[in-house]
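Step one of this worksheet: look at the structure below.
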Amino acid sequence: MKVVKTLAAAAIMAFVTLTAAQAATVINQASGLTDPDTLITFDEGALADGTSVSNQFDGVSFSAGIQINTFTYPFPNVPGRNLRNFSPIAGTFSIFFDADVTDATFSMITNTGISSFTALLDGEEVETFRGLTTVNSTLNFFGFADILFDEIRIAVGGFNSAMLLDNLAYNVEIPPTVPVPASLPLMLGGLGAFGVMRARRKNA
């Protein structure tokens, strides 16, 4: 009986851990963040095809090897201008955020394969997952939610590791407000009263 209880407790703990880990990831979703602080479609600025992308877009920068793509492919959720990692291939690349963010999503297509996604904060891994990426599925939004990070590193799966990325959305961390100590108004009131008393004595 004790063994059964131990196994049951372990199973519950494993389920809770798995659920918590999944809550921080966005895998094969039909859409990205709802009402994000910032949405970048890469049509902003109308950069020419083949332009190397570094920090031309609001609040983000990219590691080497990422370029603007203007060629229209018949793939879902990558309309208009988007980003590519070929010419030559950059099989692993990073998205860097200027400020710490709590959520970020993007659409991405690749030749069919398993891609990996890692969220980092100050160079330290916060969360990671692997997901199926392909060219035809409309369930091609990936990302992280409800954690704090400043970089997403992507290792592209599939034949030749080519990818297109679009619709980058993110929410910046809102720093917590510092509460006023409950004793502060009393202390200020006391100092004010003390000042009034001194002024009266001086005038007397």
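Residue Phe117 forms a ring pair (Phe, Tyr, Trp, His ring centres under 6.0 Å) with just one option from Phe144, Phe149, Phe141, Phe129, and that option is Phe129. Checking each of Asp103, Val101, Thr38 against Asn171 for a side-chain contact (heavy atoms from CB on, under 4.5 Å) leaves exactly one that passes, namely Asp103.
Counting all heavy atoms, side chain and backbone alike, Gly113 lies closest to Thr110 at N-OG1, 4.5 Å. Closest approach of Val53 and Leu83 over heavy atoms only: CG2-CD2, 3.8 Å. Nearest heavy atom pair, residue Leu39 against residue Ala169, reads CD1-CB, 4.0 Å. Taking both residues in full, the closest heavy atoms of Ile152 and Ala104 are given as CD1-CB, 4.0 Å, listed atom of the first, atom of the second, then distance. Of all heavy-atom pairs spanning Pro76 and Ile109, the tightest one is O-CG2, 4.0 Å. Of all heavy-atom pairs spanning Val126 and Leu148, the tightest one is CG2-O, 3.7 Å.
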Inset, instruction - Mind running side chain to side chain contact (heavy atoms under 4.5 Å, CB included) on Ile95 and Phe62 for me, showing each step along the way? - result: CA-CA 5 Å; Ile95 304 168; Phe62 296 84; 3.6 Å; yes
Test Arg84 against Phe71 for side chain to side chain contact (heavy atoms under 4.5 Å, CB included), laying out the working first.
CA-CA 10 Å; Arg84 68 187 186 212; Phe71 184 83; 5.7 Å; no
Inset, instruction - Please assess Leu165 against Ile154 for the test side chain to side chain contact (heavy atoms under 4.5 Å, CB included), listing each intermediate value before the final yes or no. - result: CA-CA 11 Å; Leu165 185 148; Ile154 302 166; 4.1 Å; yes
(request) Apply the test side chain to side chain contact (heavy atoms under 4.5 Å, CB included) to residues Gln56 and Ile68: give CA-CA distance (whole Å), side-chain angles for both, the deciding distance (0.1 Å), then the verdict. (result) CA-CA 11 Å; Gln56 295 97 322; Ile68 287 289; over 6 Å; no
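Residue Gln29 holds its CD atom at 11.0 Å from CG of Asn140, rounded to the nearest 0.5 Å. Expressed to the nearest 0.5 Å, how far CG of Leu139 lies from CZ of Phe142 amounts to 8.5 Å. Note that CG of Asp122 and CG of Asp100 are 6.5 Å apart. Values are rounded to the nearest 0.5 Å. We find the CD-CG distance between Glu151 and Leu120 to be 4.5 Å, quoted to the nearest 0.5 Å. The line from CZ of Phe93 to OG of Ser161 is 10.5 Å long, rounded to the nearest 0.5 Å. Between Asn160 atom CG and Ile89 atom CD1 the span is 5.0 Å, to the nearest 0.5 Å.
Looking only at distances, a side-chain donor or acceptor of Asp49 sits under 3.5 Å from a matching main-chain atom of Thr70. No donor-acceptor pair closer than 3.5 Å links the side chain of Thr118 to the backbone N or O of Thr128. With hydrogens and angles ignored, the 3.5 Å screen pairs a side-chain donor or acceptor of Asp37 with a backbone N or O of Val172. Listed for the Asn69 side chain is no donor-acceptor partner under 3.5 Å among the backbone atoms of Asn82. Side-chain atoms of Asn167 come within 3.5 Å of backbone atoms of Asn77 as a donor-acceptor pair (strictly under, hydrogens ignored). Of the possible donor and acceptor atoms, one in the side chain of Asp43 sits under 3.5 Å from a partner among the backbone N and O of Arg81. Side chain of Gln67 to backbone of Gly65: no donor-acceptor contact under 3.5 angstrom is found. The backbone N or O of Leu132 lies less than 3.5 Å from a partner atom in the side chain of Asn28, making a donor-acceptor pair. The closest donor-acceptor contact from the side chain of Asp166 to the backbone of Phe42 lies at 3.5 Å or more, if one exists at all. Remark: the backbone N or O of Ser94 is paired with a side-chain donor or acceptor of Ser63 at under 3.5 angstrom.
Residues Tyr170 and Ile40 meet the side-chain proximity criterion, which asks for heavy atoms closer than 4.5 Å. Side-chain contact between Phe86 and Leu164: present, with at least one pair of heavy atoms (C-beta onward) separated by less than 4.5 Å.
Residues Met108 and Ile27 share a single hydrophobic cluster, defined by chaining ILVMFWY side chains whose heavy atoms lie under 4.5 Å apart. Using a 4.5 Å cut-off between side-chain heavy atoms of Ile, Leu, Val, Met, Phe, Trp and Tyr, with links allowed through other members, Phe97 and Phe57 fall into the same hydrophobic cluster. The hydrophobic cluster containing Val78 also contains Val135, counting ILVMFWY residues as joined when their side-chain heavy atoms lie under 4.5 angstrom apart, directly or transitively.
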